[in-house]
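Read through the structure below, which is laid out as structure tokens, and then see the notes.
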There are 2 protein chains.
Amino acid sequence: MAKADTKTRLMDAAEQLVRHRGADGFSYADLSTSIGIQKASIHYHFPAKSDLLQAIMEQYSRQVIEILEGFCDTLPSPAEQLRAFVDFYRLALQEGDCLCLCVALTIGKESLSEGTQKAVLNFRAAVQKWLENRFAQLLSPPSATWGSPSEEAAATLALVEGAQVSARIATDPRHFDHATRAFCNRLP
Amino acid sequence: MAKADTKTRLMDAAEQLVRHRGADGFSYADLSTSIGIQKASIHYHFPAKSDLLQAIMEQYSRQVIEILEGFCDTLPSPAEQLRAFVDFYRLALQEGDCLCLCVALTIGKESLSEGTQKAVLNFRAAVQKWLENRFAQLLSPPSATWGSPSEEAAATLALVEGAQVSARIATDPRHFDHATRAFCNRLP
DNA sequence: GTCTATAACTCGATAGAC
DNA sequence: GTCTATCGAGTTATAGAC
């Protein structure tokens with residue numbers, strides 16, 4: 001692969017900044033020093049900040065959904081696929097102070113464009129669907145200790161995102177492991 | 001009770017603003033229009049914004065911990081106390097776009113003073129402890145379908161906070177109910 | 001495509017009158 | 001305690017040269 005072009009480098013750097021500081025917590029000036037280009041030049045690639053946010057959310061959505069679908073191809077059982085899902089959100093934490101893009105964008109929701117808000121909702125719906133399908137396989141026949149696939153899917157997404165919040169505020173990824181351990185042990 | 005003084009009104013308005021938009025998402029100008037006082041006058045009560053954030057975090061912490069301890073006095077079983085805990089986080093959502101103060105402060109963590117970050121950590125430790133004691137009662141004798149009280153406490157806090165994120169991004173509190181239903185049904 | 005320069009605005013914070 | 005007035009820095013965004 002050739003050296004990444006400016007647009008790609010901008011999006012990658014912006015994604016990291018958003019996930020560390022939120023949409024309101026970084027500026028074009030930060031991006032400017034981060035990749036060594038003048039502030040004004042960024043506007044050539046992304047005229048408004050909302051364009052940039054929407055672009056990284058859509059790219060993130062494509063990438064993550066592709067990874068999740070990859071789990072289905074490479075891992076034999078729904079329990080292992082769900083474990084890989086938890087591990088993926090654990091990995092996203094990096095050193096403990098980085099959130100998944102969804103959570104990072106949720107707080108400053110009011111400053112998002114309508115298109116970006118829709119992209120976040122579409123992404124979450126896709127993840128919910130993926131989880132639902134895993135639980136539908138895992139829970140057939142139904143079990144008394146589990147809820148419906150739809151409920152368990154929503155609970156699992158909430159669990160990993162909440163566990164990221166716990167880890168992030170303490171800057172310690174072990175909080176994520178602690179909060180998700182009981183769930184992982186419940187899996188067969 | 002007499003009419004609330006300016007300081008109290010400022011703190012209450014600021015808490016609502018933070019929970020709706022995050023620490024970076026509101027300004028003294030917003031507060032000014034919200035309670036009908038000039039921007040500069042706010043600095044008399046809270047010289048710096050970090051002073052205001054720390055004051056509302058500490059007030060919030062005292063209020064919530066008092067409420068949680070009240071559940072222990074008025075509700076007979078740990079299962080009912082845990083249900084009341086979930087209901088409390090549900091109520092905090094308001095119309096679906098309001099987060100608990102902890103989550104709202106987590107994203108803009110870098111812009112918090114050291115004292116405010118400590119106040120958030122102390123509060124979360126107190127909630128974790130409260131949950132742990134409830135699960136210790138609930139799970140004696142230990143059950144095969146549950147983890148340790150400490151793990152279940154961390155998981156429950158992560159679940160309700162993650163469920164708030166789900167509800168907030170969709171501006172629909174029913175997402176919270178859906179994500180927490182399986183947990184509530186697992187309770188005896 | 002990237003640059004310099006700058007417009008137009010908002011931010012937190014301060015000074016000093018009342 | 002609250003006001004008017006203002007400062008200096010930071011913000012997104014634009015104009016125009018190269």
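Order of the sequence lines fixes the chain letters, A, B, ..., with proteins taken first and strands second; residue numbering starts at 1 for each chain.
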When you check the gap from the basic side-chain N to the acidic O, do A/Glu15 and A/Arg19 get nearer than 4.0 Å?
-> yes
Could you state the atom-to-atom distance from CG of B/Leu52 to C1' of C/dC11 in whole Å?
-> 15 Å
Verify the contact: side-chain N or O of B/Ser27 to OP1 or OP2 of C/dC11, cut-off strictly under 4.0 Å; return yes or no.
-> yes
Could you give the OH-to-P distance, from A/Tyr28 to D/dT11, as a whole number of Å?
-> 13 Å
Of D/dT14, C/dT2, D/dT11, the nucleotide closest to the side chain of A/Ala40 is D/dT14
Verify the ring-centre separation between B/Phe26 and B/His20: is it less than 6.0 angstrom?
-> no
Answer yes if the side chains of A/His45 and A/Thr6 hold a donor-acceptor pair under 3.5 Å, and no otherwise.
-> no
Decide if the gap between the ring center of B/Tyr60 and the ring center of B/Phe123 is smaller than 6.0 angstrom.
-> yes
Whole-Å gap separating P (D/dA13) and CG (A/Asp51) | 8 Å
Specify the separation, in whole Å, of atom NZ of B/Lys39 and atom C1' of C/dT14.
-> 11 Å
Would you kindly give the CD-to-P distance between A/Gln38 and C/dC3, to the nearest whole Å?
-> 5 Å
D/dT2 phosphate, OP1 or OP2, under 4.0 Å from B/Thr6 side-chain N/O = yes
Can you tell me if the side-chain N/O atoms of B/Ser41 get under 4.0 Å from OP1 or OP2 in D/dG1?
-> no
Would you mind reading off the distance between B/Leu53 atom CG and C/dC11 atom P, rounded to a whole angstrom?
-> 15 Å
Between D/dT11 (P) and A/Asp24 (CG): distance, integer Å | 12 Å
Using a heavy-atom cut-off of under 4.0 Å over every strand shown, decide if A/Phe26 touches base, sugar-phosphate, or nothing.
-> sugar-phosphate
Criterion side chain to side chain donor-acceptor pair (under 3.5 Å) on A/Lys109 and B/Thr171, from CA distance to verdict = CA-CA 10 Å; A/Lys109 184 187 139 193; B/Thr171 323; 2.3 Å; yes
Scan A/Tyr44 against the nucleic acid and name what it touches under 4.0 Å (heavy atoms): base, sugar-phosphate only, or nothing.
-> base
Which whole-number value in Å describes the distance from B/Ile35 CD1 to D/dG1 C1'?
-> 12 Å
Give a yes/no on whether any side-chain N or O of A/His45 is located under 4.0 angstrom from OP1 or OP2 of C/dT2.
-> yes
